[in-house]
Amino acid sequence: DIRGRLDDATLEALDVLLPALEDEARMSVLGRWITHRFLGRLLEQRLALDAYVASDPGVLDEQIAEPWFVVGAPRTGTTILYGLLSQDPAMRVPEGWELLRPAPPPARCDDADLAARLALADVELRTPQVVSSGLVSIHEYSGRMPKECLSAMSLAFRSEEFVARYDIPTYEAWLHRVDMRPAYDVHRRVLQVLQRDAPRRRWVLKCPVHQQYLPTILDVYPDAVFSCTHRDPVSIIPSVSSLITTMRSAHSDHVDPVAIGRYHVDLYARTLDRYVDHADA
């Protein structure tokens, strides 16, 4: 029984997410196929992550020292800054395949296993770009590119990745009021597994949603540092709303760009106000 192998926080998230996907997301046939594979991979990899930690509990002693988070709002240049920082050989940026399939540690696997994990991740990351042709012109994804660490949080099923892909208001409302500590605990576990037996470098991480959760991040990573990119919010809203509209179109034929725009006006009014309060504190 898979439920007996997952912790209570993960089960709570699944008990909200799965009915919302079934009852609210209005997925197309192709969208259901993509989602079935997506959820299957998340469950498989979460169990693989937990199994690896159980077999090598010392991995939890791995130190994630002074991680550097790029936390600007979407469409403010975060990807450019992230890519620039990744060029420093002293920095460690997670690639797409590592976040989608983190366990067992890359340093403990042979070339054939790593190649298989890369190929599977590359197909998953490129599939929405094939289905929704406009996506690649907005944001390109592949297995070897630096990737937002939101994917690590998705292994806890507490993640904005689901809200970006689907119109699921029940899950969205739950996500905005729930404790995000379990998601960041899994996030840390992923980094610890990825760096096991590897040369120690400083992690650089990027995701706009981190801007909403700075106190939680500092609970998990007390020595974290942050870089926040800026852009006129009037420019951010249509840009991010266009991205989300395109992403949702890969999963559903019923996408309302006006509603998405209204959602982002409200979300980033609250997010940016909260960020200023956190920075002042």
Side-chain angles (χ1 to χ4, degrees), residues 6 9-10 13-14 17 21 34-50 52-53 64 67-71 74 78-79 82-83 86 92-106 114 116-129 135-136 138-166 168 171 175 180-195 203-213 216-217 220-221 240 243-244 247-248 250-251:
L6 296 169
T10 303
L14 285 169
L17 174 64
L21 288 171
I34 294 172
T35 301
H36 186 270
R37 291 173 63 89
F38 174 48
L39 294 175
R41 190 265 302 167
L42 287 173
L43 284 168
E44 171 194 298
Q45 292 303 306
R46 174 58 188 276
L47 293 173
L49 182 71
D50 291 350
Y52 179 78
V53 171
I64 309 299
W68 188 338
F69 287 83
V70 178
V71 299
T78 55
T79 301
Y82 193 42
S86 74
R92 173 77 158 88
V93 175
E95 294 184 353
W97 73 273
E98 294 180 306
L99 290 175
L100 267 62
R101 296 179 175 271
L114 296 179
R117 287 157 71 180
L118 170 60
L120 288 168
D122 202 51
V123 169
E124 180 178 338
L125 289 166
R126 293 181 186 273
T127 295
Q129 299 175 80
L135 186 57
V136 70
I138 301 173
H139 200 310
E140 186 177 1
Y141 300 90
S142 77
R144 292 311 306 264
M145 292 179 65
K147 191 175 189 308
E148 292 184 356
C149 52
L150 184 68
S151 295
M153 299 167 69
S154 295
L155 294 171
F157 297 93
R158 299 183 182 221
S159 172
E160 292 277 353
E161 186 170 13
F162 302 109
V163 175
R165 291 181 180 225
Y166 311 100
I168 41 176
Y171 177 83
L175 186 68
M180 290 298 287
R181 177 64 188 255
Y184 282 101
D185 286 339
V186 172
H187 181 281
R188 181 183 180 87
R189 208 172 309 151
V190 167
L191 300 185
Q192 289 173 317
V193 168
L194 288 176
Q195 78 174 25
W203 284 100
V204 179
L205 307 152
K206 189 268 272 197
C207 186
V209 301
H210 294 323
Q211 197 172 58
Q212 304 176 48
Y213 305 116
T216 305
I217 293 173
V220 177
Y221 302 104
V240 69
L243 172 62
I244 298 305
M247 290 182 66
R248 288 189 182 178
H251 302 86

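For the numbers below, each heavy atom of this structure counts, side chains included, while hydrogens, waters and symmetry mates do not.
- Residues satisfying the salt bridge (Lys or Arg N to Asp or Glu O under 4.0 Å) criterion with Glu160, sequence neighbours excluded, are absent altogether.
- Residues satisfying the side-chain hydrogen bond (donor to acceptor under 3.5 Å, both in side chains) criterion with Tyr52, sequence neighbours excluded, are Asp56, Arg108.
- Looking at Arg158, its side chain does come within 3.5 Å of a backbone N or O of Ala9 through a donor-acceptor pair.
- Not a single side-chain hydrogen bond (donor to acceptor under 3.5 Å, both in side chains) links Tyr171 to another residue, sequence neighbours left out.
- Remark: Ser159 pairs with Ser154 by the side-chain hydrogen bond (donor to acceptor under 3.5 Å, both in side chains) rule, at least two apart or across chains.
- Listed for the Glu98 side chain is a donor-acceptor partner under 3.5 Å among the backbone atoms of Glu95.
- For Leu114, the side-chain contact (heavy atoms from CB on, under 4.5 Å) partners at least two apart in sequence or on another chain are Trp97, Pro106, Cys109, Arg117.
- Across Ala48 and Ala103, no two heavy atoms sit closer than the pair O-CB, 3.9 Å.
- For Thr78, the side-chain contact (heavy atoms from CB on, under 4.5 Å) partners at least two apart in sequence or on another chain are Val70, Thr76, Lys206, Thr229.
- Side-chain atoms of Arg188 come within 3.5 Å of backbone N or O of Val220 as a donor-acceptor pair.
- None of Leu120, Leu49, Leu118 except one satisfies the side-chain contact (heavy atoms from CB on, under 4.5 Å) rule with Arg101; the exception is Leu120.
- Leu43 is listed as a side-chain neighbour of Leu6, based on a closest heavy-atom distance under 4.5 Å.
- Remark: Arg181 pairs with Asp185 by the salt bridge (Lys or Arg N to Asp or Glu O under 4.0 Å) rule, at least two apart or across chains.
- Taking the side chain as every heavy atom from C-beta outward, Arg92 and Leu194 approach each other to under 4.5 Å.
- Applying the salt bridge (Lys or Arg N to Asp or Glu O under 4.0 Å) criterion to Arg46, with sequence neighbours excluded, gives Asp7, Asp50.
- Annotation: side-chain hydrogen bond (donor to acceptor under 3.5 Å, both in side chains) contacts of Arg248 (sequence neighbours excluded): none.
- Residues Leu155 and Pro102 have side chains in contact (heavy-atom distance under 4.5 Å, counting atoms from C-beta outward).
- Not counting sequence neighbours, Ala119 has no partner by the side-chain contact (heavy atoms from CB on, under 4.5 Å) test.
- Residues passing the side-chain contact (heavy atoms from CB on, under 4.5 Å) test with Ala152, sequence neighbours excluded: Leu99, His187, Val190.
- Evaluation of the ring-ring contact (aromatic ring centres under 6.0 Å, His included) rule for Phe38 yields Phe162 as partners, not counting sequence neighbours.
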